[in-house]
Number of protein chains: 2
Amino acid sequence: MPFSTHLDRHQSRYVAELMEFIAIPSVSADPTHQGDMVRAADWVAARLTAAGLEHARVIPTKGHPVVLADWLHAGADKPTVLIYGHFDVQPPEPLEAWTSPPFAPEVRGGRIYGRGASDDKGGLMTPILACEALLAQGPLPVNVKFFVEGEEEIGSPSIPDAVQSLAPELAADMIFSADGLQWRPDQPQILEALKGIVKLELVVRGPRADQHSGLYGGGIANPAMALAQILASMKATDGTITVAGFYDDVIHLTDEDRAAIARIPYDEAAWLAETGAPATAGEPGYTTRERLWARPTLDVNGLTSGWQGAGSKTVLPAEARAKITCRLVAAQTPEGVAARLTEHLCAHTPPGVTAELQVIPGGSDPLLIPRGHNAAALAETILAEVYGKTPYRTRVGGSIPILSTFRDVLGLHTVVLGFSHDDENLHAPDEFFRLEAFRKGQEVYGRLLQRLGGQA
Amino acid sequence: MPFSTHLDRHQSRYVAELMEFIAIPSVSADPTHQGDMVRAADWVAARLTAAGLEHARVIPTKGHPVVLADWLHAGADKPTVLIYGHFDVQPPEPLEAWTSPPFAPEVRGGRIYGRGASDDKGGLMTPILACEALLAQGPLPVNVKFFVEGEEEIGSPSIPDAVQSLAPELAADMIFSADGLQWRPDQPQILEALKGIVKLELVVRGPRADQHSGLYGGGIANPAMALAQILASMKATDGTITVAGFYDDVIHLTDEDRAAIARIPYDEAAWLAETGAPATAGEPGYTTRERLWARPTLDVNGLTSGWQGAGSKTVLPAEARAKITCRLVAAQTPEGVAARLTEHLCAHTPPGVTAELQVIPGGSDPLLIPRGHNAAALAETILAEVYGKTPYRTRVGGSIPILSTFRDVLGLHTVVLGFSHDDENLHAPDEFFRLEAFRKGQEVYGRLLQRLGGQA
């Protein structure tokens with residue numbers, strides 16, 4: 001019996017199990033759900049074991065536990081595949097906005113509603129069920145490891161340390177993330193690149209304390225104005241970043257890249273209307289989507305100085321601060337960009353003030369999955385088979401820190417292979433997951449493991 | 001008997017009366033002292049009457065009362081002199097820092113200590129006592145009016161309306177302010193100019209709400225960066241204001257003005273050390289003191305946008321705001337400078353944002369007492385006689401709103417003729433007034449009124 005038939009036969013049980021999983025309110029942000037976090041981890045370990053995976057174990061971290069399991073009998077000539085997902089969910093509030101309670105899941109119109117249905121309990125189940133269906137037929141075609149965390153929705157604070165200390169047990173030839181999106185229910189995608197990030201604070205100092213602007217203005221420099229002058233020196237009004245060397249390490253878009261991006265439908269007017277901004281704006285020579293997906297940015301996230309209340313206070317402020325983040329593209333690095341900005345600052349600090357650029361922890365490298373990356377190419381092929389359409393090659397302007405951790409610690413690019421969609425209220429009331437996508441995800445993972453093992 | 005002899009004979013009583021006046025805690029900022037404000041106003045009215053002034057009356061305003069009195073029997077061929085002072089004082093806190101209690105005044109080492117001794121109860125007494133001494137000899141040489149307010153320390157919010165409605169009763173040929181400073185106890189000054197001010201808020205808006213800097217950065221403009229670019233477009237890093245037309249109405253310093261300023265000793269290193277700023281800075285081609293006293297400024301008083309807490313938050317802010325004040329010199333006007341800045345903004349708003357410049361109420365015109373202004377020239381002569389030294393011609397970077405009100409409503413420049421010194425802890429614990437200055441002030445006002453009446 002093909003694994004697919006097994007999946008079809010058991011689908012209603014799988015949906016029931018997913019509902020059971022959703023019913024555990026594993027809200028990682030809420031300390032009162034501490035017990036539920038452990039229950040959810042135990043549930044995952046038990047489900048992995050029931051699927052036929054081995055050594056399923058719940059491992060404590062400084063925060064919420066992680067769950068590991070494996071099946072390593074495919075032989076040394078077969079690849080080892082690491083699969084990632086998470087069992088924690090976003091807080092369900094506001095509760096009154098839900099049609100059915102967030103932790104009493106309900107199926108309506110081919111969708112399963114409940115907190116975590118889409119992000120990421122439904123997603124996490126797909127590779128587990130694929131393994132179960134394959135194991136029902138015989139040995140797995142490849143060696144498989146699972147790594148499931150419970151802190152994704154709170155920024156995974158304990159996970160880099162956990163991955164570091166578990167590195168030998170997580171060693172693999174490739175990684176797939178079961179937490180991720182498809183473009184539309186009828187259109188698959190392969191995520192090719194994510195931006196990295198470097199976070200900085202610019203501090204400009206002048207007099208020891210705020211001074212009277214009438215008695216000191218014109219005599220000493222104004223740190224708030226100096227801050228503005230420094231920031232303005234970093235970016236032209238047309239959006240070009242004017243920091244020397246900033247673009248040096250950028251792997252520029254090829255004509256093929258640009259064609260791939262242009263192929264993807266994009267309603268720019270709708271996107272703009274959603275933001276409420278008066279116009280799109282940014283670096284000349286690139287489309288909006290190219291800038292969003294594949295060009296580095298320099299954004300001011302916050303400004304603070306002097307008097308911020310109502311009306312006027314005639315101070316010449318002692319200090320002015322700006323929070324800055326640069327989103328990075330391959331092969332920029334947080335360290336390299338911070339160094340370029342620091343050099344720029346030294347050359348552009350106006351007279352009469354001192355200025356300092358502090359790096360805020362939490363930077364990450366950009367990720368660009370190389371063309372021809374085996375696992376990504378295979379995922380692309382299988383998505384094309386299952387959906388009957390060539391996947392879009394997409395990029396994202398945001399960062400997924402766990403992917404940087406995997407790359408840094410395990411030395412591997414992760415292929416994001418999830419089956420959620422961005423209309424599924426992922427962090428909002430009435431979160432849902434499409435049952436059709438649930439089934440498709442199982443199918444894709446089943447075929448993927450077969451193909452990786454040289455079968456079919 | 002010359003009025004001077006009268007002053008000498010009664011000096012110890014005058015000091016005792018000043019102590020009685022100081023003992024009334026007329027703190028205008030503190031509503032619990034409402035009753036003391038009325039007591040102080042009544043005390044002033046009674047003292048004016050006792051000196052021989054007529055029609056002394058306490059007149060309510062929307063805030064604290066004002067006191068008026070006059071003596072108008074010198075004849076229509078003699079000038080009418082309006083004298084200004086204030087009976088309210090700064091809050092005394094921190095109380096524990098006072099050597100003797102703020103409202104239990106004490107004479108130590110030729111100084112009278114207590115809140116308001118210098119600012120402005122001692123000052124206000126000097127012309128009253130001069131009138132008393134002159135009236136003891138016969139009629140006053142000129143017509144005299146007093147206008148004494150109780151809101152100076154809180155920015156005189158009710159006074160413009162009060163001056164407006166009392167305008168016919170305040171009509172005069174010249175105005176002297178008994179609230180003011182001499183350069184040093186042995187060096188007189190005549191204040192030639194004060195700067196005006198215009199207060200503005202610059203608001204830059206982009207998206208409807210803060211956006212995720214990863215998902216929107218590079219696609220739409222960043223209002224905080226746009227704000228920085230707009231501010232930086234207004235001022236070169238060398239301190240020159242680059243707003244077209246900003247300097248158009250400035251009456252530039254003549255060589256004589258610059259020589260007068262250069263004549264006044266100035267320890268720039270000490271001044272700078274007091275601020276704690278790393279260096280002086282500002283418009284090229286002018287000395288620091290010329291910039292402080294006689295050149296217009298554009299200062300940013302505050303900045304606010306996006307995330308201002310610890311660490312980083314990856315937002316692209318919806319809005320950014322800057323508080324701006326320009327200090328103005330003659331013949332700039334708040335309206336004219338606001339118009340130049342608004343025109344500049346229209347021409348320098350970067351793409352992708354909207355920007356607006358709002359005028360905050362509380363602007364005032366600069367004041368420049370014309371050379372050859374009769375009252376100022378005479379005050380200068382008498383100061384030179386009494387001190388035995390030519391007064392410095394000084395200017396101030398700050399603004400005194402009551403002087404603008406007088407000029408606008410009564411059409412007169414005020415000659416600032418006070419006898420405090422900037423080392424007398426005017427708004428701090430252990431405020432004191434020099435008894436020698438108290439006596440000198442009485443002398444100056446006595447001679448001034450005589451000379452204005454064509455006597456001596």
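Throughout, protein chains are lettered first and strands after them, A, B, ... in sequence-line order, and every chain is numbered starting at 1.
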Contact check, side chains of A:Thr304 and B:Thr304, non-hydrogen atoms, under 4.5 Å
no
One should read off an interatomic distance between A:Ser312 OG and B:Leu200 CG, to the nearest 0.5 angstrom, of 8.5 Å
Can you say whether A:Ala294 sits under 4.5 Å from chain B via the side chain, the backbone, both, or neither, judging by heavy atoms?
neither
Would you mind checking which part of A:Ala226 comes under 4.5 Å of any heavy atom in chain B, side chain (CB onward), backbone (N, CA, C, O), both or neither?
neither
Looking at A:Ala310, is its backbone amide N or carbonyl O close enough to the side chain of B:Glu201 to form a donor-acceptor pair, meaning the two atoms are under 3.5 Å apart?
no
Counting only heavy atoms closer than 4.5 Å, note whether A:Glu268 contacts chain B via side chain, backbone, both or neither.
neither
Once you round to the nearest 0.5 Å, how far does CD of A:Gln229 lie from CE of B:Met234?
12.0 Å
Report which part of B:His212 has an atom under 4.5 Å of a heavy atom belonging to chain A: side chain, backbone, both, or neither.
side chain
Taking A:Gly311's backbone N and O only, do any of them form a donor-acceptor pair with B:Lys323's side chain (distance below 3.5 Å, no angle check)?
yes
Top residue by heavy-atom pair count (under 4.5 Å) with chain A, among B:Gln358, B:Lys199, B:His348?
B:Lys199
Heavy atoms only: give me the nearest B:Trp271-A:Leu215 pair and the separation to one decimal.
CZ2-O, 4.1 Å
Between chain B and each of A:Arg289, A:Lys313, A:Lys235, count heavy-atom pairs under 4.5 Å; write down the option with the most.
A:Lys235
On a heavy-atom basis, the closest approach of A:Val300 and B:Ala224 is CG1-CB, 3.5 Å
Return yes if some donor-acceptor pair links the side-chain N/O of B:Asn301 with the main-chain N/O of A:Val315 below 3.5 Å, else return no.
yes
I'd like to check B:Leu298 versus A:Met225 (side-chain heavy atoms, cut-off strictly below 4.5 Å). Are they in contact?
yes
Segment of B:Thr314 engaging chain A (4.5 angstrom heavy-atom cut-off):
both
Which region of A:Leu231, side chain (C-beta onward) or backbone (N, CA, C, O), has a non-hydrogen atom less than 4.5 Å from a non-hydrogen atom of chain B, or is it both or neither?
both
When rounded to the nearest 0.5 angstrom, what is the spacing between CG in B:Leu292 and OH in A:Tyr216?
9.0 Å
Least distance between heavy atoms, A:Thr288 atom then B:Gly219 atom
CG2-CA, 4.0 Å
Below 4.5 Å, heavy-atom pairs only: which of B:Glu274, B:Arg321, B:Glu283, B:Glu290 has the largest tally toward chain A?
B:Glu274
Among the listed options B:Gly217, B:Ala281, B:Gly306, the residue most often paired with chain A at heavy-atom distances under 4.5 Å
B:Ala281
For the candidates B:Thr297, B:Leu194, B:Ile360, B:Asp299, which exhibits the highest count of non-hydrogen atom pairs separated by less than 4.5 Å from chain A?
B:Asp299
Give a yes-or-no answer on whether the side chains of A:Arg327 and B:Ser213 include a donor-acceptor pair shorter than 3.5 Å.
yes
Heavy-atom distances under 4.5 Å only: say whether A:Thr237 touches chain B with side chain, backbone, both or neither.
both
Counting heavy-atom pairs under 4.5 Å with chain A, which one of B:Ser305, B:Gly282, B:Gly398 comes out on top?
B:Ser305
At a 4.5 Å cut-off on heavy atoms, which part of A:Ile230 comes close to chain B: side chain, backbone, both, or neither?
neither
At a 4.5 Å cut-off on heavy atoms, which part of B:Ala236 comes close to chain A: side chain, backbone, both, or neither?
backbone
Checking heavy atoms, do the side chain of A:Ile324, its backbone, both or neither come under 4.5 Å from chain B?
neither
How many angstroms lie between CD1 in A:Ile220 and OG1 in B:Thr280, if you round to the nearest 0.5 Å?
9.5 Å
For the backbone of A:Pro278 and the side chain of B:Arg205, can you confirm whether one donor and one acceptor N or O come within less than 3.5 Å of each other?
no
